[in-house]
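This chain uses plain numbering: 1 for the first residue, then up along the sequence.
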Amino acid sequence: LIGDLGYLKTNVTKLAEYLTRYCKTDIGKARAIFVFVTAAVSYDADCINNRTKPDCGTLSVLQTGKSVCSGFASVMLSLGMSCGLEILKLSGYAKGFGYKQGSTFDKTNHAWNSVKLNGEWRFFDPTWSEGSAETVAGKMVCTKKFKNVWFDVCAEVFAFSHLSASTPSIPSIDFLTKEQFESMKYAHITSWLSPSQFHEIATSNLHPLPAGYSSRASVLQAPLFLRAGQEYKFRAWRDSSSGRGGFAFVEERKFTHHEHGNDGYWEGKFIPKCAGATVKFCFWEETATGKQYHTCIEYTVIG
């Protein structure tokens, strides 16, 4: 379908009309546009690896089918405005590819969108939903695989990984300074934490917030924190078509491995032993050189 749109890619208004022709609500229009952008545009890793500046104009991105975050956000902005959405393109600071806990930002590094739905500004990151990135032999390598978690996100959850520097800014998200954002422990959106849980644990300061990492596995159930000596249940899924693999707990360099079923699903229990220890819940896959590990969640065990 994407390749058959032809001349529509040269006319933003007609393309927006086509994409939203069956949509009767603003959220429906936002969904149609968001899914189209993530399907029609791929992240241009070559620009990052070669340090070249891409053309992020809407028509250029639609024609080439590749861009960086600014291009993704520009296409969504143009299509959204064409179909009557109250939509913005925002730029700012994001704890994405290459981010390390405690890093500070000397310049903006990302762009995304916000749409006003039912009187509330909601947040959309088509770039991060388009796929994922990893470093291979010192180069960025991108994998195109749609992730729904960055569609229609509330301000409280979005604030763990994104901070707008755009002017004028949106009143509903002006509750963090840049310094506060930098000092907050990073948390990647995951299906096992609801917005209310994110907000609760961020504001209560009762327990260390678990750090989440984007990975090719989905965490379906996990605790908000780990207390030494208590038993906790985990459920997760990994695409089993990529070969043999499973999940593992790593506590102070001690590994506990589990293989998932043929359908990629695994569930089990874990008891952390030592207060203050770092525990990583990972997925692993068998490679020609042995097991390769990818962190899904990282905890600091409390006493």
Side-chain angles (χ1 to χ4, degrees), residues 34 37-38 41-61 64 66-78 80-81 87-115 121-143 147 149-151 153-189 198 202 209 211-214:
F34 185 85
V37 173
T38 60
V41 185
S42 297
Y43 196 85
D44 192 351
D46 289 339
C47 283
I48 304 300
N49 294 329
N50 299 327
R51 299 183 179 182
T52 56
K53 187 175 181 178
D55 185 345
C56 293
T58 296
L59 291 179
S60 175
V61 175
T64 63
K66 59 183 181 179
S67 191
V68 294
C69 59
S70 183
F72 280 79
S74 291
V75 174
M76 185 158 177
L77 174 69
S78 298
M81 292 177 65
I87 183 171
L88 298 172
K89 174 182 174 180
L90 302 175
S91 62
Y93 314 101
K95 299 176 179 179
F97 177 77
Y99 172 77
K100 294 182 180 180
Q101 183 65 46
S103 297
T104 57
F105 299 88
D106 55 5
K107 59 182 179 180
T108 59
N109 66 340
H110 195 46
W112 58 90
N113 299 96
S114 184
V115 181
W121 286 104
R122 305 286 292 184
F123 299 89
F124 303 76
D125 193 330
T127 308
W128 286 11
S129 277
E130 179 268 343
S132 58
E134 59 185 333
T135 301
V136 178
K139 299 287 186 179
M140 173 190 274
V141 176
C142 297
T143 301
K147 299 191 295 291
V149 292
W150 298 106
F151 172 80
V153 184
C154 70
E156 289 81 7
V157 171
F158 214 67
F160 280 91
S161 52
H162 298 67
L163 179 69
S164 173
S166 297
T167 304
S169 56
I170 302 172
S172 63
I173 59 171
D174 282 348
F175 53 81
L176 283 178
T177 65
K178 179 171 174 287
E179 290 71 25
Q180 288 174 318
F181 176 71
E182 291 170 337
S183 65
M184 281 174 58
K185 192 167 185 180
Y186 169 71
H188 184 84
I189 290 182
F198 257 105
L209 183 71
Y213 299 84
S214 177

Please report the shortest heavy-atom distance between [X] and [Y], naming the atom on each side.
| X | Y | value |
| --- | --- | --- |
| Asn109 | Ala94 | OD1-N, 2.9 Å |
| Val37 | Pro126 | CG1-CB, 4.0 Å |
| Tyr43 | Cys142 | CD2-SG, 3.7 Å |
| Ala73 | Asn113 | O-ND2, 3.1 Å |
| Ser67 | Val41 | N-CG1, 3.9 Å |
| Ser129 | Thr38 | CB-CG2, 4.1 Å |

Can you tell if the side chain of [X] reaches within under 4.5 Å of the side chain of [Y], non-hydrogen atoms only?
| X | Y | value |
| --- | --- | --- |
| Phe105 | Leu163 | no |
| Thr135 | Phe97 | yes |
| Cys154 | Arg122 | yes |
| Leu88 | Trp121 | yes |

Set of side chain to side chain contact (heavy atoms under 4.5 Å, CB included) partners for [X], sequence neighbours left out:
| X | result |
| --- | --- |
| Thr58 | Val12, Leu62, Ser74, Val75, Ser78 |
| Cys69 | His110, Ala111, Thr127 |
| Thr52 | Cys47, Asn50 |

Distance-only, no hydrogens or angles: does the [X] side chain make a donor-acceptor pair with backbone N or O of [Y] under 3.5 Å?
| X | Y | value |
| --- | --- | --- |
| Lys95 | Phe181 | yes |
| Lys89 | Met76 | no |
| Asp44 | Val68 | no |
| Thr108 | Tyr93 | no |
| Lys147 | Glu130 | no |

Rounded distance (nearest 0.5 Å) linking atom [atom1] of [X] with atom [atom2] of [Y]:
| X | Y | atom1 | atom2 | result |
| --- | --- | --- | --- | --- |
| Leu90 | His162 | CG | NE2 | 10.0 Å |
| Lys178 | Ser164 | NZ | OG | 13.5 Å |
| Trp128 | Ser161 | CH2 | OG | 4.5 Å |

*Among pairs that include at least one residue of residues 68-77, which meet salt bridge (Lys or Arg N to Asp or Glu O under 4.0 Å), considering only residues two or more places apart or in two chains?*
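Sorted result for residues 68-77: empty, none.
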*Mind checking what makes side chain to side chain donor-acceptor pair (under 3.5 Å) contact with Lys139, not counting sequence neighbours?*
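Side chain to side chain donor-acceptor pair (under 3.5 Å) list for Lys139, sorted by chain: empty.
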*Applying ring pair (Phe, Tyr, Trp, His ring centres under 6.0 Å), name anything that partners Phe151, two or more places apart in sequence or on another chain.*
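With sequence neighbours excluded, Phe151 shows a ring pair (Phe, Tyr, Trp, His ring centres under 6.0 Å) to Phe34, Phe124, given in chain and number order.
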*Residue Met81 excluded, over 12 heavy atoms near CE under 6.0 Å*: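 Counting other residues, nucleotides and ligands, CE of Met81 stays at 12 neighbours or fewer.
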*Under the side-chain contact (heavy atoms from CB on, under 4.5 Å) criterion, do Trp112 and Trp150 qualify, and how do the steps go?*
CA-CA 10 Å; Trp112 58 90; Trp150 298 106; over 6 Å; no
